[in-house]
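Note that the structure is predicted; figures quoted are calculated from it, not measured.
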Amino acid sequence: MEVNQYLEMFIEESKEHLQACSEHLLELEKNPDDLAIVGEIFRSAHTLKGMSATMGFEDLADLTHKMENVLDAIRNEKIHVTPEILDVVFESVDHLEEMVMDIANGGDGKRDVSATVAQLKRIELGEEAVPEVAATVAGPAAVESVLEYDSFEQTVIAQSSEQGFHAYEISIKLREDCLLKAARVFMVFEILEKDGEVIKSSPSVEKLEDEQFDQQFYVAFVTKESAEDMQKKIMKVSEVEEVVVTTIDQKKFSEREYESQQEVAATASAVAEVESTPATVPSKPEPAAQSAKTATPAKAEKNHAPVGNKTIRVNIERLDILMNLFEELVIDRGRLQSIATEVNHGELNETVERMSRVMGDLQTIILTMRMVPVETVFNRFPKMIRQLSRDLNKKINLEIIGAETELDRTVIDEIGDPLVHLIRNSVDHGIENPTSRRAKGKPEEGTVVLRAYHSGNYVFIEIEDDGAGINRDKVLAKAIAKGIVTQEQSYSMSDNQINELILASGFSTADVISDVSGRGVGLDVVKTTIESLGGNISIESTQDVGSIFSIQLPLTLSIISVMLVEIEKEIYAIPLSSIIETSIIRSSEIMNAHNQKVIDFRGKVVPLVFLEEIFEVPRTEPQDEEFHSVVIVRKGEKLAGLVVDSFIGQQEIVLKSLGNYLTNIFAISGATILGNGKVALIVDCNALIK
């Protein structure tokens with residue numbers, strides 16, 4: 001079967017199944033006796049196993065098969081769910097996600113998961129989830145295999161007994177203070193290769209050479225030497241703390257692997273049969289067995305109205321091409337409107353107006369097609385909060401509201417990392433430990449709320465916590481000490497302005513540096529990323545009550561509404577999302593404060609920015625100095641007045657980058673082509689507001 005044509009579908013559906021596994025595992029942790037949830041996880045794992053085997057990704061199929069065995073034992077009540085068992089299953093899902101991502105990036109999906117597989121086997125056999133290493137030689141008695149073997153390795157081990165060789169699994173543990181781990185590994189392998197053949201190692205030889213392991217590693221080895229002799233020889237290597245040699249039961253091993261292969265082959269065959277049946281691709285894949293079971297009733301109900309799936313998968317690159325073509329149409333529409341105005345022909349005007357309406361509808365449809373629910377980003381956070389709770393010894397409940405809210409795919413791709421930083425910050429700095437919360441009269445369990453909603457042409461994402469809030473005095477003292485603000489400036493700062501100091505580069509109030517936060521990086525990156533997307537971030541906080549980080553983002557980045565303005569003969573575009581209003585002021589209204597020209601705008605002191613000076617626009621004739629046209633723009637709570645020659649009007653334009661040669665142009669975020677064919681530069685208001 002030619003599988004390449006199904007690869008994209010396989011990757012997408014695998015991600016869906018793994019996401020479903022993660023969500024159901026989180027539910028199972030809260031309700032460990034609910035076997036219905038276990039059944040859901042088992043079905044997702046079973047389908048993923050079949051798909052992986054069919055596509056030829058044996059490592060992925062094998063790990064899923066081992067995880068499926070544990071789930072099957074749980075649902076048949078042979079094993080009771082414990083936090084330790086769930087930790088191992090979560091770890092398995094993490095490995096599976098990494099394998100799928102590797103396949104998506106062009107890899108083969110192979111990964112050394114022998115330690116996790118060994119854990120799953122122990123759980124399946126009813127042993128402790130955490131493996132215990134024996135302190136002595138296991139002797140001639142065979143034990144359960146720790147390592148996983150492919151068909152070639154199985155053959156070598158099986159044939160070794162026929163030729164009088166013993167097959168051993170050797171666990172070698174180095175001392176905690178061992179400095180040259182790679183050198184000790186080399187010495188161990190040198191001893192082994194003199195007395196026999198190394199079949200496999202875990203971690204792989206490459207990782208052992210790069211010292212990418214803790215203190216312990218495993219080796220599969222065939223030799224004519226006794227287990228006791230091998231143990232004594234390896235123990236002579238300096239800094240080796242413990243050596244455990246166990247004998248592999250070749251007969252039992254071979255039988256079990258044969259059965260496993262037969263089952264995987266049968267599953268692969270069943271899935272291939274179902275996939276070969278001409279049918280509409282389901283938006284949410286069903287298990288193979290379930291699909292086959294429901295096929296007959298579907299045929300029997302031919303008398304009823306046909307119910308077909310109306311969802312198709314479209315490669316995002318095709319949507320990008322469609323968007324680019326539509327952007328060209330938008331430019332041509334502007335040109336046609338300009339010509340129609342000059343010619344002033346009745347039928348031409350009518351045709352252009354009709355075309356503009358149709359293109360408006362088309363624009364709405366194309367932009368909607370590119371919209372993706374923020375759920376695709378939010379889904380990663382419940383598992384992350386679970387792990388952070390354990391790492392920090394805190395009790396944290398995550399509430400997600402508005403996950404169905406949609407954003408342009410371009411924005412979705414960029415917003416994930418900033419949200420990770422903000423949530424980790426809330427968990428580490430915001431939520432107190434249970435003892436502190438009890439002392440403050442709060443419940444032991446802290447709450448982090450992740451909220452998304454639409455408002456006008458924007459999407460707002462809020463991260464709210466009921467933690468300690470921001471310590472105003474501590475933040476101010478740290479900011480003054482680092483030279484971010486002066487003592488004099490601090491007297492006139494509002495609470496929100498002080499809160500936003502934590503977004504400054506290199507700022508941190510952490511007393512202890514941890515792996516979670518407190519290294520003075522993160523929040524400044526969050527601010528930069530959000531502003532590069534045309535959004536802004538604000539912070540509200542009350543000490544010992546909690547904090548709210550609010551992110552405002554535009555719905556889309558490709559087609560935006562702007563105010564066109566003129567300076568001399570040059571035209572600039574100012575995004576409407578940044579504009580509060582336009583105004584014409586007298587020169588007499590302009591005042592000076594700290595060597596900065598300012599105006600009084602509705603009771604607020606607003607600095608003026610003369611765009612002709614910023615962009616060095618040459619003047620052919622002196623301007624009328626009595627009146628000035630001003631565009632009042634904002635960045636969060638800060639305002640500025642952009643002084644221009646005149647206002648042209650509002651227009652929808654296509655945002656184009658300036659290319660690779662014109663990067664980092666100050667206060668310019670891109671360009672657009674106007675209806676008359678001229679290029680207008682788009683002003684980056686955030687860069688102009690200090």
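- A pairwise comparison of heavy atoms in Pro203 and Gln216 identifies CD-O, 4.4 Å as the closest pair.
- Rounded to the nearest 0.5 angstrom, Met384 CE and Leu419 CG are separated by 9.0 Å.
- Taking the side chain as every heavy atom from C-beta outward, Phe549 and Asn425 approach each other to under 4.5 Å.
- Between the side chains of Asp684 and Ser669, no donor N or O sits under 3.5 Å from an acceptor N or O.
- A 4.5 Å side-chain heavy-atom check between Ser550 and Phe460 finds at least one atom pair inside the cut-off.
- Contact annotation: the side chain of Val475 approaches that of Ile502 to within less than 4.5 Å [non-hydrogen atoms, C-beta and beyond].
- The nearest pair of heavy atoms linking His24 to Ile37 is O-CG2, 3.2 Å.
- Within a 6.0 Å sphere centred on NZ of Lys30, other residues, nucleotides and ligands contribute 12 heavy atoms or fewer.
- Thr64 places no side-chain N or O within donor-acceptor distance of the main-chain N or O of Leu48, the cut-off being under 3.5 Å.
- Rounding to the nearest 0.5 Å places NZ of Lys78 at 9.0 Å from CD of Glu124.
- A donor-acceptor contact shorter than 3.5 Å is absent between the side chain of Thr542 and the backbone of Val545.
- The closest donor-acceptor contact from the side chain of Arg437 to the backbone of Pro443 lies under 3.5 Å.
- Remark: Phe381 engages no residue in a ring-ring contact (aromatic ring centres under 6.0 Å, His included) (not counting sequence neighbours).
- Pairing each heavy atom of Lys394 with each of Asp428, the nearest pair is NZ-O, 3.0 Å.
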Show every donor-acceptor pair shorter than 3.5 Å between a side-chain atom in residues 95-105 and any protein atom, with sequence neighbours excluded, or say none if there are none.
| residue | atom | partner | partner atom | Å |
| --- | --- | --- | --- | --- |
| His95 | ND1 | Arg111 | NE | 2.9 |
| His95 | NE2 | Thr116 | OG1 | 3.0 |
| Glu97 | OE1 | Lys383 | NZ | 3.4 |
| Glu97 | OE2 | Lys383 | NZ | 3.4 |
| Glu98 | OE1 | Arg111 | NE | 2.9 |
| Glu98 | OE1 | Arg111 | NH1 | 2.9 |
| Glu98 | OE1 | Arg111 | NH2 | 2.5 |
| Asp102 | OD2 | Asp108 | N | 3.4 |
| Asp102 | OD2 | Gly109 | N | 2.8 |
| Asn105 | ND2 | Met101 | O | 3.1 |

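- The backbone N or O of Arg175 lies less than 3.5 Å from a partner atom in the side chain of Gln215, making a donor-acceptor pair.
- Heavy atoms only, all atoms of each residue included: Leu35 and Arg75 are closest at CD1-O, 3.9 Å.
- Salt-bridge formation is not detected for the pair Glu211/Lys181: no Lys NZ or Arg NE/NH1/NH2 atom is positioned less than 4.0 Å from an Asp or Glu carboxylate oxygen.
- Judged purely by atom type and a 3.5 angstrom limit, Thr529 has no side-chain atom pairing as donor or acceptor with the backbone of Pro418.
- At least one side-chain heavy atom of Val89 sits under 4.5 Å from a side-chain heavy atom of Met67.
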Carefully, step by step, assess Asp87 and Arg390 under the rule salt bridge (Lys or Arg N to Asp or Glu O under 4.0 Å).
-> CA-CA 11 Å; Asp87 284 344; Arg390 290 176 168 237; 2.8 Å; yes
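- In this structure, the ring-ring contact (aromatic ring centres under 6.0 Å, His included) partners of Phe213, at least two apart in sequence or on a different chain, are Phe217.
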Yes or no on salt bridge (Lys or Arg N to Asp or Glu O under 4.0 Å) for Asp112 and Lys207, after CA distance, side-chain angles and deciding distance?
-> CA-CA 10 Å; Asp112 185 6; Lys207 288 188 177 181; 5.4 Å; no
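- For the pair Lys604 and Asp600, the salt-bridge criterion is not met [side-chain N within less than 4.0 Å of a carboxylate O].
- At a threshold of 4.5 Å between non-hydrogen side-chain atoms, the residues Thr486 and Ile480 do not count as touching.
- Between Lys395 and Glu444 there is a salt bridge, since a side-chain N of the basic residue sits under 4.0 Å from a carboxylate O of the acidic one.
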Yes or no on side chain to side chain contact (heavy atoms under 4.5 Å, CB included) for Ile470 and Ile498, after CA distance, side-chain angles and deciding distance?
-> CA-CA 9 Å; Ile470 295 173; Ile498 292 170; over 6 Å; no
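- Side chain of Asn433 to main chain of Thr435: a donor-acceptor pair is present (N/O by atom type, distance under 3.5 Å, no hydrogens or angles).
- Under the 4.5 Å side-chain criterion, counting only non-hydrogen atoms from C-beta, Glu241 is not in contact with Leu174.
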Side chain to side chain contact (heavy atoms under 4.5 Å, CB included) evaluation trace for Glu406 with Val459 = CA-CA 8 Å; Glu406 293 184 327; Val459 166; over 6 Å; no
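- Here the CD-CG distance, from Glu27 to Asp34, works out to 8.5 Å after rounding to the nearest 0.5 Å.
- Looking only at distances, no side-chain donor or acceptor of Asp210 sits under 3.5 Å from a matching main-chain atom of Gln212.
- Residues Lys442 and Glu432 share a closest heavy-atom pair of NZ-OE2, 3.0 Å.
- Using modelled atom types and a 3.5 Å distance limit, the side chains of Asp72 and Asn76 yield a donor-acceptor pair.
- The number of heavy-atom neighbours closer than 6.0 Å to CZ of Arg634, taken from other residues, nucleotides and ligands shown, is 12 or below.
- The distance from the CD atom of Glu375 to the CD1 atom of Ile412 is 10.5 Å, given to the nearest 0.5 Å.
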Between Ile537 and Leu422, is a side chain to side chain contact (heavy atoms under 4.5 Å, CB included) present by the stated rule, with each step listed?
-> CA-CA 11 Å; Ile537 179 171; Leu422 289 173; 4.2 Å; yes
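- Within the 4.5 Å cutoff, side-chain heavy atoms of Ile484 are placed close to those of Leu501.
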Salt bridge (Lys or Arg N to Asp or Glu O under 4.0 Å) evaluation trace for Asp466 with Lys440 = CA-CA 12 Å; Asp466 64 347; Lys440 294 177 182 178; over 6 Å; no
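- Looking at Ile548 and Val449, their side chains never come closer than 4.5 Å, going by heavy atoms from C-beta outward.
- Panel note: side chain Ser22, backbone Leu18; a donor-acceptor pair is recorded below 3.5 Å.
- Taken to the nearest 0.5 Å, the NE2 atom of His454 stands 9.5 Å off from the CD atom of Glu404.
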Could you give me the CA-CA distance, side-chain angles and deciding distance for Leu60 and Lys49, then say whether side chain to side chain contact (heavy atoms under 4.5 Å, CB included) is met?
-> CA-CA 7 Å; Leu60 191 63; Lys49 181 187 76 173; over 6 Å; no
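- Here OG of Ser538 is found 12.5 Å from CD of Gln497. Values are rounded to the nearest 0.5 Å.
- Nearest heavy-atom pair, Val448 versus Val427, reported as atom, atom and distance to 0.1 Å: CG2-CG2, 4.4 Å.
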